[in-house]
Amino acid sequence: MTTIYAVVYTFLTASNAHALEVAALITKETEQSVQVLDFLRRHDVVVRKINVSNDNELLPLEARIGNADSLLIIGKEAFEYYLDKQLGIPSLVLFVKSSTFYHLTLAASHISLVENRPDYTDKISAIYSDPSPKEQMALVKRHYPYPAIATLLSPLNYYLEDELRQSAKELQLTLDIIKVDKDIDINRALNTLPPKHALVALPDHYIYNSMTLKNIVISTYRSGRPIFGFSRTMVKAGAVASVITDLETLSKECLEVLKRPNEAQPIRQYAQQSSIVINGAVARSLNLISLQQEDHQTL
């Protein structure tokens with residue numbers, strides 16, 4: 001009988017255990033957001049979506065969030081909405097680039113200072129959507145025969161300079177940083193790149209956009225200079241390789257952060273687990289044989 005009671009007690013305890021409840025702020029359904037939220041549901045998380053794209057709700061956002069254990073903010077527009085509401089609710093931001101997160105939180109802090117309001121940005125965690133610059137540099141070090149890299153920075157990414165120099169030092173790489181204005185003359189900028197330096201491209205719409213990307217790819221390819229890009233799309237366009245994170249891995253890391261106690265220090269980081277995607281044709285043309293031998297996805 002004791003065993004039966006123990007089994008019944010265990011069942012009742014498990015049944016009454018509090019499931020993690022997450023309120024998810026979104027502005028639109030995307031394949032990425034659907035996959036992440038489906039992953040959370042498969043792992044016994046109660047997900048309550050709050051679409052704030054046309055926010056005509058009379059009920060305040062705090063009331064709609066209710067007693068959720070955690071707040072997940074998906075995408076730039078939802079993040080801007082959250083910052084505008086000035087809520088002191090601990091949250092996790094996904095699918096926002098590191099530079100976007102940096103500038104939006106900095107602006108929110110400045111507004112709080114000017115208007116003498118509490119600054120709640122220290123309650124926001126983030127897993128950035130772009131790859132770690134240091135991981136990109138490490139990829140170059142493993143597969144490029146010259147321990148030298150260059151990167152172009154517009155005002156969007158000036159704040160990264162010290163971090164980039166420290167990472168290059170730790171990896172024993174020579175780093176040249178070329179600072180450019182928002183209204184960049186891309187051909188002039190490319191002509192200032194030191195010879196033989198691989199180009200580490202960081203997400204920056206002032207530098208890498210539909211008007212400039214073709215020129216960048218052609219110019220660097222002709223000079224035998226590989227581009228280590230920042231996304232699968234960049235690799236398709238002609239970069240030789242990039243560090244990427246698949247949605248399954250990102251979802252796991254998201255769940256780990258959401259499970260942390262709300263009083264814990266916020267985490268702001270690039271995805272911790274990543275893989276490599278390469279452009280096989282470009283890698284062969286530039287004779288980067290070791291790159292093709294690394295475990296990777298080929299486009």
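These figures come from a predicted structure and were not determined experimentally.
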Approximate separation, where rounding is to 0.5 Å, of [X] [atom1] and [Y] [atom2]:
X    : Y    : atom1 : atom2 : value
Y221 : I227 : OH    : CD1   : 12.0 Å
L291 : L139 : CG    : CG    : 6.0 Å
Y206 : K182 : OH    : NZ    : 4.5 Å
L87  : E62  : CG    : CD    : 5.0 Å
I26  : L72  : CD1   : CG    : 10.0 Å
L25  : K49  : CG    : NZ    : 12.5 Å

Is [X] reaching over with its side chain to a backbone N or O of [Y], donor-acceptor style, under 3.5 angstrom?
X    : Y    : result
R232 : I244 : no
E21  : A19  : no
D176 : T151 : no
N279 : V282 : yes
S70  : L258 : yes
N157 : L153 : no
S167 : E163 : yes
R48  : R64  : yes
E253 : Q273 : yes
T212 : I207 : yes

Restricting to non-hydrogen atoms, name the atom on [X] and the atom on [Y] that form the minimum distance, rounded to 0.1 Å.
X    : Y    : answer
P203 : F230 : N-CD2, 3.6 Å
G88  : K123 : O-CD, 3.1 Å
I73  : A78  : CG2-C, 3.6 Å

K141 vs M137, test: side-chain contact (heavy atoms from CB on, under 4.5 Å). Steps then yes/no.
CA-CA 6 Å; K141 183 176 176 65; M137 291 182 181; over 6 Å; no
Below 4.5 Å, heavy atoms only, C-beta onward: do [X] and [Y] meet side chain to side chain?
X    : Y    : result
V235 : V240 : no
N187 : N215 : yes
L94  : L250 : yes
H43  : L255 : yes
P226 : Y144 : yes

Under a 4.0 Å threshold between the charged nitrogen and the carboxylate oxygen, would [Y] count as salt-bridged to [X]?
X    : Y    : answer
E256 : R260 : no
R165 : D162 : no
K28  : E77  : no
E161 : K179 : yes

Report yes or no: do T121 and S109 form a side-chain donor-acceptor pair below 3.5 Å?
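Per modelled atom types, T121 and S109 side chains form a pair under 3.5 Å.
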Is it the case that T220 and S223 place a side-chain donor and acceptor less than 3.5 Å from each other?
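Not at all, the side chains of T220 and S223 share no donor-acceptor pair under 3.5 Å.
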Grouping I, L, V, M, F, W and Y whenever their side-chain heavy atoms are under 4.5 Å apart, do I149 and Y270 come out in a common cluster?
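Both belong to a single hydrophobic cluster.
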Ring centroids only, cut at 6.0 angstrom: are F79 and F101 within range, meaning strictly under it?
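Yes, close enough.
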Ring centroids only, cut at 6.0 angstrom: are H103 and Y159 within range, meaning strictly under it?
yes
Would one find more than 12 heavy atoms of other residues, nucleotides or ligands at under 6.0 Å from atom CZ of R222?
no
Test side chain to side chain contact (heavy atoms under 4.5 Å, CB included) applied to L152 and L193, I216, I177, the passing residue
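Result for side chain to side chain contact (heavy atoms under 4.5 Å, CB included) with L152: L193.
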